2 protein chains.
Amino acid sequence: MRRRSKQREVILNLLKRTKSHPSAEWVYTEVRKEIPNISLGTVYRNIKLLQSMGEVSEISCEGDECRFDGNTILHYHITCQRCGKIMDLDGIVLQSLEERVAAATGFKITNHCVGFKGVCPDCLEQSSPERYKYKVRLY
Amino acid sequence: MRRRSKQREVILNLLKRTKSHPSAEWVYTEVRKEIPNISLGTVYRNIKLLQSMGEVSEISCEGDECRFDGNTILHYHITCQRCGKIMDLDGIVLQSLEERVAAATGFKITNHCVGFKGVCPDCLEQSSPERYKYKVRLY
DNA sequence: TTATTTGCAAATCATTTGCCCGAAG
DNA sequence: CTTCGGGCAAATGATTTGCAAATAA
């Protein structure tokens with residue numbers, strides 16, 4: 001069973017109120033204002049843990065396996081931030097947005113993506129610990 | 001001025017026809033079937049270069065700085081894959097999608113993002129070389 | 001007490017870079 | 001020729017892990 005720790009609480013609070021995407025290093029620097037001798041390893045461990053619990057929503061949508069090219073049917077994904085499972089979302093496509101955005105910005109657009117992050121039904125049930133095996137990603 | 005090289009051509013062709021997001025390591029393995037003594041460094045250099053030229057659209061939307069929480073106004077971004085410039089896209093928000101997707105999948109959704117990738121007008125003009133200073137990201 | 005979490009340091013992994021050589025123009 | 005691009009190996013940077021000590025339940 002999971003124990004609470006001051007370190008984890010401070011990190012969670014920090015992430016909850018942070019507007020931009022913090023780097024692990026930045027989190028480390030900030031948290032040390034409250035817990036001067038916390039170690040970087042602990043910061044990494046807890047970010048990862050909080051992600052796997054679905055507590056952290058500040059993490060980016062990085063890793064959304066989105067892609068688009070002429071041959072492929074465009075579709076979007078939803079990723080479980082705990083077990084890493086990725087499901088396709090069919091029936092939603094925003095292709096027309098590309099043209100609108102190209103016109104508005106002057107960019108040569110190569111692709112776009114839509115991705116959702118969350119915790120899947122299976123993982124919501126089981127509160128089993130330490131299965132967080134995915135890399136810490138904040139960006 | 002930029003010279004062509006067999007290595008770059010092979011890598012570009014491979015990326016063009018690859019459906020999933022290849023890792024640099026995977027690209028390396030594949031390319032070695034054609035050019036057995038290519039080095040991993042060359043693979044990295046060329047992927048990066050191709051990205052900065054807007055030739056590669058297979059790269060993911062990673063890094064889209066997307067975020068969402070109650071306090072913040074949700075908005076999307078477009079990123080120049082050459083100079084890294086990020087522009088806000090205002091006036092488009094797909095918030096209602098979250099509820100639809102939650103209902104359809106049973107996920108506890110923590111956030112979603114929409115991102116566009118391309119080459120910005122400034123970079124499209126200047127064909128100047130070697131300003132690609134961003135990390136290689138494939139995912 | 002006992003299982004979990006920490007701090008620390010060493011290990012690992014991905015990516016980048018320096019240098020000299022071979023090749024494209 | 002004269003650069004540019006490549007191979008190789010060493011350097012860097014980020015993240016993870018092993019372990020003994022500290023701490024929550």
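Lettering of chains follows the sequences in order, A, B, ..., and the numbering in each one begins at 1. Keep in mind it's a predicted model, so treat the numbers as computed, not measured.
- Regarding Y28(A), its OH atom lies at a distance of 8 Å from the P atom of dC8(C), rounded to whole Å.
- Taking atom CG of residue N46(A) and atom C1' of nucleotide dT16(D), one finds them 14 Å apart after rounding to whole Å.
- Counting only heavy atoms from C-beta on, R4(B) has its side chain closest to dG25(C) among dC19(D), dT17(C), dG25(C).
- At whole-Å resolution of the value, CG in L49(A) and P in dT5(C) are 7 Å apart.
- Residue-to-nucleotide proximity on DNA chain C shows that, of G41(B) and S5(B), the 5′-proximal contact is made by G41(B).
- The interatomic distance linking Y44(A) (OH) with dC13(C) (P) rounds to 16 Å, in whole Å.
- Considering only side-chain N and O atoms, Q7(B) lies nowhere under 4.0 angstrom from the phosphate OP1 or OP2 of dA23(C).
- Of the candidates dT5(C), dC8(C), dA24(D), dC8(C) carries the atom nearest the S39(A) side chain, counting heavy atoms from C-beta on.
- Rounding to whole angstrom units, CD1 of residue I47(A) and P of dT17(D) are separated by 15 Å.
- One can place CD1 of I38(B) at 13 Å from C1' of dC8(D), the figure rounded to the nearest angstrom.
- Between N37(A) and the phosphate of dT6(C), there is no side-chain N or O to OP1/OP2 separation shorter than 4.0 Å.
- A donor and an acceptor atom never sit less than 3.5 Å apart when one is taken from the side chain of R8(B) and the other from the base of dG6(D).
- Of all nucleotides listed (dT6(C), dT23(D), dG5(D)), dT6(C) comes nearest to the side chain of T42(A).
- For dA3(C), its base sits under 3.5 Å from the side chain of R3(A) at one donor and acceptor pair at least.
- Side chain of L40(B), nearest nucleotide from dT15(C), dG7(C), dA24(D): dT15(C).
- One interatomic measurement links the two molecules: CD of E9(B) to C1' of dG5(D), which rounds to 13 Å at whole-angstrom precision.
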